[in-house]
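Notes follow the structure.
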Amino acid sequence: MAQVGTRRLEGVGGIAGARSRPRGRPFRKLDDSRFFPLVLLLPILIFFLIWNVVPLLWLVGLSFYRYDLTSPEPARWLGLDNFTAIYNDAQVWGALGRTLSFMFFSVGLQTVLGVVLGLLFWGSSRMPGRRLALTLLFAPMLLPPIAIGSYWRLIYDPIFGVLNYYAREIFGQRYDFLGSKDYAFPAAVAVDVWMWTPFMILMTLAALASVPKAELEAAEVDRLPWLKRLWYVVLPHGKFILMLGILLRTIDAFKTTDMIFVMTKGGPGVKTELIGLTVWRRGFASFSMGAASALAVIALLIAIAFTSIYLYVLNYRETRGQFR
Amino acid sequence: MPDSGGAVLEFRGIAKTYGERPLLAGLDLAVPAGDFLVIYGPPASGKSVLLRLLMGLETPTSGQVWLRGVDATPIAAAERNIGYVPQSFALYPHLSVRDNIAYPLQLAGTPKADREAIVRRAATMLKIGELLGKRPDQLSGGQKQRVAIARGIAKETEIFVLDDPLAGLDFKLREQLVDDLKVLQEETRATFVYTTSDPIEALTLADNLAVLVDGRIVEAGEPERLYRSPAHLRTMELVGFPRTNFVPGTLRGADGALRCETPLFVAAMRPESDARQEPGEWSVSVGMRPEDVVLVEERTRSSLAAEWLPFSATVTLREDLGGEEIVYLDAGGTPLTTVIRHHAGQANPDLGQRVDLAVRVSDLLVFDAGSGRRIARGIETSNG
Amino acid sequence: MAEIRVQGLRKEFGALVALDDVSFSFPESRVTCLLGPSGCGKTTLMRIIAGLERATRGDVYFGGQRVTHLPPRKRNIGMVFQYPVVYRGISVAENIELPLKSEKLSKAERTARVAEVVEILGLGDHVAKDITQLDNGTRQKVAVARAVARQPRIILFDEPITNVDANAKLQLKRAFKELTRRLEQTIIYVTHDQTEAMTLADQIALMQDGRIVQCDAPRELYNHPSDVFGGWFLGNPGMVFVDGTLSANGSGTVVTAPLFPAPVPTAGGASDEPATAVTVGIRPEHIRVATGDAPGAVAADLLRKSITVGRQYLLSLRVGDVAFKAKVTPQVGESLPARGAVWVTLPPERVTLFAPNGNRVDATLTQPR
Amino acid sequence: MNATARIRQGLYYAVLWGIAIVFFLPVLWVILAALKTKKQIIAKTPVWFFEPTLDNLQRVIERENFWKYLRMSVFLSLGGVMIALVVSFLAAYCFSRYKPRGTNFLMFLLLSVRMVPAAAVVVPVYLMYAAFGWKDTFLGMVLFYAMFSIPFSLWILKGFLDGVSLRYDETALVNGGSRLHIIFRVVLPQVKPGLVAAFIFNIIFVWNEFLFNYIIGGKSVTMVPVQLQAGVNSGGSADWGYIAGLSTIYMIPPILAIYAFQKYLLVGMTFGTVRGEV
């Protein structure tokens with residue numbers, strides 16, 4: 001036993017005077033108990049149970065049934081029939097393929113444009129009215145998608161649309177952007193690009209802000225050329241946030257429904273019908289809930305896969321401690 | 001169970017493991033009332049965990065914490081009534097300095113008038129009286145630390161725990177705060193338990209010093225005793241600045257005499273106990289304090305008495321502390337340091353120069369390389 | 001190689017004056033340490049010299065050339081930052097070489113320069129390693145190597161060893177010492193650590209509140225601070241200060257202070273002025289402490305003693321209500337009791353006098369006859 | 001700074017402002033439309049300069065139930081988000097401090113479900129609401145929006161709570177503070193920025209939400225976007241003046257919010273996984 005030397009003083013107290021016995025507490029409080037963490041979690045668990053688990057089970061269950069709201073007959077067990085039907089459904093495959101190319105083009109364009117414009121905005125911190133300019137810039141992504149869809153219907157309108165007028169001024173020709181087979185899809189992509197490029201600008205600015213100031217200063221003192229600075233200084237720090245941005249956009253592009261719904265309803269034909277719209281249509285246009293659920297289950301799985309990738313990237317960075 | 005024997009707080013057989021990893025291993029320590037105990041050890045030696053066990057913020061895997069004569073292990077942190085200065089300042093950013101300091105009192109339900117008086121007193125002691133109206137983010141690092149200490153001591157209790165409160169502060173700030181803390185403790189006569197990994201801080205503050213290495217207390221006692229007569233290699237290494245020089249060697253016992261051979265010298269030793277009287281051979285570490293390694297002028301070298309062991313080394317760096325200088329040396333691959341004091345008119349070697357050194361046999365301490373325990377020391381010659 | 005001169009440099013951050021009209025010359029091919037507590041303006045001064053910060057007023061000259069308005073890349077300087085800046089994704093050697101690639105040097109020349117700095121800084125074992133495999137200390141060495149390899153006229157160090165562990169600190173100090181012995185460049189080294197400054201500098205420029213208060217060789221600065229601040233800031237602990245009075249007594253001027261048993265005559269001071277307040281300063285290691293009385297000694301209370309650097313003893317003492325510190329040798333320290341009555345002597349030749357405004361008084365004390 | 005540098009900087013800023021305006025142009029066009037007469041809206045040659053009329057806006061305001069829908073938008077947004085903040089703050093504290101097993105899994109699940117296309121979730125939710133009779137009830141709608149806001153709030157708040165040192169809790173604990181005291185008096189004041197970010201971000205989401213309000217809502221809990229969609233899809237020729245007017249009024253709060261809380265935008269848009277400002 002390491003009894004350290006005996007000491008001459010009797011301890012008499014601290015600055016406030018000693019009161020050596022703590023005041024006893026008559027009863028053990030709830031928050032000392034080991035159930036306290038559970039109490040904190042209870043509300044979220046209830047929400048999770050009622051609004052996530054129940055619908056999820058419902059959804060998965062329903063996907064094995066034939067269940068039409070319009071028909072009087074009760075739900076009928078189908079097994080995997082709904083899924084095989086989807087597998088054989090060219091329309092679904094078409095919508096999936098269209099969604100993929102929508103994601104590819106719109107996210108790709110947003111990224112390129114966003115990075116370029118973001119770099120342009122780098123160093124604008126002392127711009128007069130910067131806050132207002134950024135508000136205008138970021139406005140598209142924060143307005144109701146429903147409203148956005150309707151604006152663009154107005155702008156794209158073949159007769160009085162402002163875009164058509166200028167198209168004719170320049171190309172001498174009118175375009176029915178949303179009504180024509182050739183232009184509807186690019187027109188939808190264009191709206192998405194307009195709406196979400198500001199997001200990629202935001203992410204690029206965040207990525208640039210994550211580059212330590214000293215490293216930029218060192219590159220300046222070391223006289224590195226512009227491109228080398230981007231490559232050796234900016235990219236190693238910024239790529240992570242940029243990656244998160246791209247992933248978030250990909251997940252979000254997969255979900256696009258409202259805006260298309262208002263703008264084209266998937267038309268002309270199925271030219272702009274994305275998977276979200278297909279699910280919606282199956283459920284609430286033809287009221288075949290079973291088939292819609294099966295499709296929803298598939299969409300769900302794809303979304304979970306995307307989210308996993310996102311979180312994996314996020315976690316990878318945290319565990320590898322790449323902050324320094 | 002041993003009687004607590006007037007100890008105001010006591011660790012009995014404390015062990016703590018996180019998963020598989022043992023942080024503290026069977027640790028006993030008793031602290032008498034009014035003591036300034038410094039728990040001193042290298043970073044990550046378990047100092048903070050020990051304090052957190054004392055505060056009741058962690059539960060020991062085994063063993064007990066006794067407070068004021070009762071087993072406090074099952075008592076919640078809130079009921080232990082200990083003043084606490086955590087490692088990072090942890091000042092509440094949304095409260096003024098005054099409210100930060102008054103915080104423990106407010107929680108304890110001290111009447112408002114008394115609170116103000118105690119806050120004033122604490123602020124005066126720590127020389128932050130004029131800062132009471134400010135917010136933490138308006139303060140410098142040293143001021144924040146003073147506020148954190150004031151908050152820690154403004155509590156109606158007689159036991160205070162300070163977890164390396166000066167870590168990360170500027171040199172000059174530490175110098176002042178160390179002094180103020182010592183005076184504070186002597187004036188209040190409260191029991192202070194303090195951790196640090198700075199040797200000078202530990203030596204300056206401690207009434208008693210507990211050297212903690214790898215979750216074990218290797219030695220505890222008054223700092224001067226630990227400094228002069230360390231029983232363990234780690235004690236000698238850590239207690240004192242600059243760090244002690246160690247030379248690996250072999251201790252040989254034959255014909256009732258002990259000899260220690262190192263790359264630098266060969267010297268006669270005497271065992272610490274009879275156990276080492278028998279013939280044998282041990283691999284050892286020979287410790288010599290930097291101030292005991294002295295620079296010798298070439299011409300006086302031959303006239304050195306037999307009690308001095310001469311060797312030579314090359315100067316690799318001279319670090320000027322102002323009042324004294326640390327000379328870093330390389331003696332055939334063994335790094336060594338020595339201290340020279342300018343005002344004492346000592347030798348003044350150049351960087352890269354080969355210099356002659358000597359150490360007195362009686363200043364050598366020999367430690368078992370395996371256990372780290374002291375097993376022998378240099379023989380004192382009668383005329384020394 | 002170039003002398004660096006700043007002229008009437010002023011920097012304001014809002015209401016805060018970071019640099020208060022600093023005019024100063026950093027001599028060519030020398031290591032000048034800017035030393036001072038945090039917030040004294042030393043980093044701001046260096047950043048203005050580097051061109052990373054713009055002065056509110058004043059000019060910077062390299063050699064004879066005015067560079068006030070040049071961006072950093074046109075100033076031909078090297079700089080090492082507080083936290084190790086390395087370029088990611090490439091090896092140590094490539095890191096050192098990267099800036100050289102923009103310098104229009106032959107491949108052979110580049111390789112030779114890299115090899116040279118690698119050798120000086122002892123990076124030989126690491127050249128091929130990826131930068132992410134290195135600890136902070138080694139990274140900082142790489143940063144130093146990169147700055148040096150370009151052979152700029154001027155190299156600036158901004159507290160380069162603050163953020164590395166103790167062991168790496170020592171290694172870096174060795175490397176700096178070695179570097180500065182070999183290099184011909186003008187070097188400015190910013191630090192708040194007096195030991196670093198004393199160890200590495202040819203001369204130290206001590207800063208306080210946006211001004212350079214003194215510039216001298218390290219030992220000179222330590223031994224003869226030109227004001228109270230220098231005396232306090234250097235040393236561990238810093239100088240001991242005691243209030244006293246300077247007055248005339250017929251034959252000359254004398255200093256009266258609680259730590260002197262009788263007035264001590266001065267040499268060189270003015271003699272017929274009325275009594276003025278003066279601060280008596282002495283380094284704690286110069287104070288003599290003994291258990292017995294001696295000529296020139298006063299009785300003191302020893303409050304505490306503790307072991308400090310190299311087994312010296314740090315003593316807390318009090319004479320009347322004046323509390324102060326002294327640092328004594330192991331032998332003396334051991335002979336003293338833990339607390340109690342002792343005798344304290346201030347050797348007059350070690351005492352420095354300061355005026356009430358903090359400046360050193362040009363007067364030396366002499367042994368009382 | 002010399003003259004050329006100043007001119008160059010002026011040009012640079014002008015370009016940046018230009019970009020911002022180009023992005024805002026489509027929105028501006030709608031705002032202009034709201035101030036035009038019907039004729040001006042459908043004029044074949046775009047009308048940029050005209051005498052503004054408040055007719056459209058007046059029509060919007062006077063339309064039956066406009067205030068009711070707007071009120072519903074406000075109540076549902078505020079109500080849902082406030083509930084979500086309370087629920088997720090408590091949960092985030094638990095996750096951050098007690099680290100119960102399954103923390104990561106639950107956080108992952110919550111986020112995943114939120115990332116699923118709304119159309120996929122709406123089917124079972126609709127059936128559940130129909131079965132339990134929660135359709136077209138205020139409580140059903142507000143609780144749904146609370147759930148809708150919980151995942152992002154939880155992520156944002158967990159991130160902020162992890163940034164509050166455990167030393168704060170411990171200091172309170174050793175001084176006799178209760179857990180509830182720590183949660184509401186010690187930690188809460190320090191995560192205010194997180195609360196603001198979560199609040200702003202989620203409220204904009206709910207404010208703009210359409211699909212669920214359309215499907216599981218009904219006459220008594222209709223919000224403005226549903227009304228907007230009804231306007232757009234009302235037979236052959238839409239009443240553009242009305243739509244533009246309604247959108248213009250409805251976009252004022254979000255635009256003001258972005259202006260006022262711009263520094264929280266990044267935290268919100270990445271639900272706390274990227275911190276900082278731009």
Do the side chains of A:R126 and D:Q9 get nearer than 4.5 Å, heavy atoms only?
-> no
Find out whether D:I183 and A:L40 are in side-chain contact, i.e. whether some heavy atom of one side chain is under 4.5 Å from a heavy atom of the other.
-> yes
Interface moiety of D:I41 toward chain A, non-hydrogen atoms closer than 4.5 Å | both
When the ring planes of A:F160 and D:W240 are compared, do they come out parallel, tilted or perpendicular, using 30° and 60° as the limits?
-> perpendicular
Which atoms of D:V122 approach chain A - backbone, side chain, both or neither, heavy atom under 4.5 Å = both
Indicate yes or no for a side-chain donor-acceptor contact from D:W17 to the backbone of A:P128 under 3.5 Å, with no hydrogens or angles considered.
-> yes
Plane angle bin for A:W58 and D:F132 - parallel if under 30°, tilted between 30 and 60°, otherwise perpendicular | perpendicular
Are the side chain of D:N208 and the backbone N or O of A:L142 linked by a donor-acceptor pair below 3.5 Å?
-> yes
Is the shortest heavy-atom distance from the side chain of D:I83 to the side chain of A:F47 under 4.5 Å?
-> yes
For the residue pair A:F36 and D:R179, establish whether any side-chain heavy-atom pair is separated by less than 4.5 Å.
-> yes
Which portion of D:R97 sits near chain A, non-hydrogen atoms under 4.5 angstrom = neither
Region of D:F205 that comes under 4.5 Å of a non-hydrogen atom in chain A | neither
Using non-hydrogen atoms only, which part of D:F95 is less than 4.5 Å away from chain A: side chain, backbone, both, or neither?
-> side chain
For the pair D:M251 and A:Y151, evaluate side-chain contact (heavy atoms from CB on, under 4.5 Å) and give the outcome as yes or no after the intermediate values.
-> CA-CA 12 Å; D:M251 78 171 78; A:Y151 302 168; 2.9 Å; yes
Non-hydrogen atoms of chain A under 4.5 Å away: do they reach the side chain of D:I204, the backbone, both or neither?
-> side chain
Side-chain touch A:L311/D:N104, heavy atoms, less than 4.5 angstrom = no
Would you mind checking which part of D:L106 comes under 4.5 Å of any heavy atom in chain A, side chain (CB onward), backbone (N, CA, C, O), both or neither?
-> side chain
Does any non-hydrogen side-chain atom of A:M127 lie less than 4.5 Å from one of D:Y12?
-> no
Under 4.5 Å to a heavy atom of chain A? For D:F144 that would be both
Sequence neighbours excluded, which residues qualify as side chain to side chain contact (heavy atoms under 4.5 Å, CB included) partners of D:L109?
-> A:F48, D:F105
Ring center gap for A:F121 and D:F23 short of 6.0 angstrom | no
Residue D:V113 versus chain A: region with a heavy atom under 4.5 Å | side chain
Highest number of heavy-atom pairs under 4.5 Å with chain A among D:P46, D:A120, D:A33 belongs to D:P46
Structural part of D:L266 lying under 4.5 Å from a heavy atom of chain A | both
For the residue pair D:I215 and A:W280, establish whether any side-chain heavy-atom pair is separated by less than 4.5 Å.
-> yes
